[in-house]
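All values below come from the heavy atoms of this structure, side chains included, with hydrogens, waters and symmetry mates left out. All values reported here derive from a predicted model rather than from experimental measurement.
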Amino acid sequence: IAEGELHYKVVDRVAQDVYGEEIVLSHEVMEAVNGDSAEILRLPNQKTFKYLRKHYTQQSGKLSDAVFRRTSWEIILPEV
């Protein structure tokens, strides 16, 4: 993810406490999963989480269920 690009990240209270580093998701993944609807979504949805668990099995297997809750995410808007 390039600096200043739209992306999503797990809130610090979840990511830092459990993993000690940021967990981020690119907007491109949201577009791949949700198509044009990605533009109106403010946070990853269940469809996105299912996609991640299916296509990134090894990485997602290391994450707690808390990461796969919308309340654990925030949107990082592009810098203008």
Original post:
Could you state the interatomic distance from CG (Leu25) to NZ (Lys9), rounded to the nearest 0.5 Å?
Top reply: 13.5 Å
**OP:** Please list all pairs passing the salt bridge (Lys or Arg N to Asp or Glu O under 4.0 Å) test where one or both residues lie in residues 25-41, with sequence neighbours left out.
**Re:** none
**OP:** Specify the closest pair of heavy atoms between Ser60 and Thr57, including all atoms of both residues, with the distance to one decimal.
**Re:** OG-O, 3.4 Å
Original post:
Quick one: CZ on Arg70 to OH on Tyr8, what's the gap to the nearest 0.5 Å?
Top reply: 10.0 Å
Original post:
Should Phe49 and Tyr56 be counted in the same cluster of Ile, Leu, Val, Met, Phe, Trp and Tyr side chains packed under 4.5 Å apart?
Top reply: yes
Original post:
Once you round to the nearest 0.5 Å, how far does CZ of Arg69 lie from CG of Leu43?
Top reply: 14.5 Å
Original post:
Among all residues two or more places apart in sequence or in another chain, which pass the side chain to side chain contact (heavy atoms under 4.5 Å, CB included) test with Leu77?
Top reply: Leu6, Arg42, Ile75
**OP:** Tell me whether Tyr19 is reachable from Val10 by hopping between hydrophobic residues (I, L, V, M, F, W, Y) whose side-chain heavy atoms are closer than 4.5 Å.
**Re:** yes
Original post:
So, for Ala15 and Glu21, which heavy atoms are closest and what is the spacing to 0.1 Å?
Top reply: CB-O, 3.4 Å
**OP:** Please answer: with hydrophobic residues joined when any side-chain heavy atoms are less than 4.5 Å apart, are Met30 and Val11 in the same cluster?
**Re:** yes
Original post:
Got a second to check how far His7's NE2 is from Glu74's CD, nearest 0.5 Å?
Top reply: 8.5 Å
Original post:
What do the steps show when you test Leu52 against Leu63 for side chain to side chain contact (heavy atoms under 4.5 Å, CB included), and what is the final call?
Top reply: CA-CA 11 Å; Leu52 293 173; Leu63 302 173; over 6 Å; no
**OP:** Measure from the side-chain N and O atoms of Trp73 to the backbone N and O of Val67, and report whether any donor-acceptor pair falls under 3.5 Å.
**Re:** yes
Subject >> Shortest non-hydrogen contact between Val14 and Ser72, atoms and distance >> reply: CG2-OG, 3.9 Å
Subject >> salt bridge (Lys or Arg N to Asp or Glu O under 4.0 Å) involving Asp65 - partner list, sequence neighbours excluded >> reply: Arg53
